[in-house]
Amino acid sequence: MSHAGSTLTLPVPRGFDLKKAVCSYGYFLLAPNHWDVKRRVLYRPVRTSRGGLVRCVVRQNKTGSALKLLCNRAVPRGEQAFVKAQVSRMLRLDEDQRAWFSACPEAKKRGFGPMFRSPTLFEDIVKTITSCNVTWRNTTTMNRMMVERVGHGGFPTPRQLADFGADNLKAQCKVGYRAERIVRLARDVLDGALDLAWFEAPQRESDALFDALKAIHGLGPYAAGNLCHLLGVYDRLAIDTETYRHFCHHYGVKRPKTAAGLTKLDRKIERHYAALSPFQFKAYWFELWCDYESRYGRAWTWDRETTGQNFTAAVLSGEV
DNA sequence: GGTAGACCTGGACGC
DNA sequence: GCGTCCAGGTCTACC
């Protein structure tokens with residue numbers, strides 16, 4: 001880290017804990033995020049408004065009142081707010097946790113509040129596409145290759161992905177049929193056919209948000225539900241095979257083998273978590289995260305090259 | 001509205 | 001080493 005770099009300061013809410021905020025959702029294990037288990041800092045390259053890269057080390061100060069962003073180069077004054085806003089989005093510094101903690105006191109006790117996400121919705125959508133129909137290990141590979149080969153160290157911008165093209169993406173980043181979907185998304189964002197700012201507006205109603213997400217080519221019910229929580233709307237689940245594994249194991253439910261049986265199980269899962277409305281997803285994820293931590297230790301001790309490769313139903317399925 | 005098959009990769013398994 | 005099968009979510013065609 002060069003001494004010529006900038007150090008930016010970002011105030012955090014009372015009780016905020018960097019290690020818990022970062023290590024609260026699986027995307028912290030995906031490139032270009034790198035959680036340093038020993039130093040308990042987050043390495044993360046972010047973009048300037050012009051697309052340049054700023055490599056940041058994010059750490060919490062001794063009193064806990066603020067984050068220090070140690071940047072590898074001088075960040076012009078006009079760009080500092082842009083850089084800080086991305087870190088703020090990742091750690092959901094603007095999200096009020098009081099209603100969630102009131103609904104789920106266990107989460108408050110354990111410090112499970114903000115759930116980690118990406119600096120941009122675009123990155124969250126691409127990461128979600130790479131998590132579909134694939135093992136978690138493969139998801140980590142796709143993201144690593146896109147960062148190395150398309151984004152040159154940072155997460156690729158829509159322009160970089162659009163210019164790279166679907167054929168190259170498929171051949172060089174092992175994303176398979178997802179290449180066409182990712183490049184189409186990038187081009188739609190670039191030419192204005194898809195306005196991502198619309199999705200970020202705080203007043204969006206859950207059904208409208210879900211429907212609009214599902215209208216994006218490549219996003220089905222699971223991906224749209226997952227993106228709802230990444231947008232701060234927690235009242236719907238994103239049911240996948242991991243949800244089935246967890247629910248059946250945790251509550252001693254026999255896992256159905258037929259499509260009709262799984263549909264009934266979907267309704268059962270939805271009824272179960274409805275008790276914590278409007279925080280269904282967060283309640284499910286808190287339960288799942290506690291289960292992972294009971295197996296592998298607290299999440300901030302997980303190394304992305306070892307423990308961090310262990311997740312998804314396929315790996316854990318031996319238990320049901 | 002429901003269902004089947006294709007999409008693509010990596011890993012497990014049998015030979 | 002090679003071939004086959006399987007897991008994983010979405011799309012499309014078809015009934």
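Note on naming: letters A, B, ... go to the chains in the order of the sequence lines (proteins, then strands), and numbering restarts at 1 for each one. Being a predicted model, the structure only gives us computed values, none of them experimental.
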> Looking at dG8(C), dT12(C), dG10(B), which one has an atom nearest to any side-chain atom of Asn133(A)?
Replying inline: dG8(C)

> Between dG11(B), dC11(C), dC8(B), which one does the side chain of Arg178(A) approach most closely?
Replying inline: dC8(B)

>> Tell me which residues in residues 160-174 of chain A lie within less than 4.0 Å of DNA chain C, going by non-hydrogen atoms.
In response: none

> Would you call Arg110(A)-Glu106(A) a salt bridge at under 4.0 Å N-O?
Replying inline: no

>> Output the rounded distance in Å from CG (Leu262(A)) to C1' (dG2(B)).
In response: 14 Å

>> Just checking Lys282(A): does its NZ atom have more than 12 heavy atoms from other residues, nucleotides or ligands closer to it than 6.0 angstrom?
In response: yes

> What about Trp289(A) and Phe286(A), are their ring centers closer than 6.0 Å?
Replying inline: no

>> Rounded to whole Å, please give me the gap between CD in Glu180(A) and P in dT10(C).
In response: 15 Å

> Out of Asp124(A), Asp94(A), Thr120(A), which residue meets the side chain to side chain donor-acceptor pair (under 3.5 Å) rule with Arg89(A)?
Replying inline: Asp124(A)

>> Checking side-chain polar atoms at under 3.5 Å, does Thr128(A) have a donor or acceptor matched by the opposite partner on Tyr27(A)?
In response: yes

> Given side chains that start at C-beta, do those of Leu237(A) and Glu270(A) come closer than 4.5 Å, heavy atoms only?
Replying inline: yes

>> Expressed as a whole number of angstroms, how long is the span from Met145(A):CE to dT9(B):P?
In response: 11 Å

> Is there a donor and acceptor pair closer than 3.5 Å between the side chain of Tyr177(A) and the base of dG9(C)?
Replying inline: yes

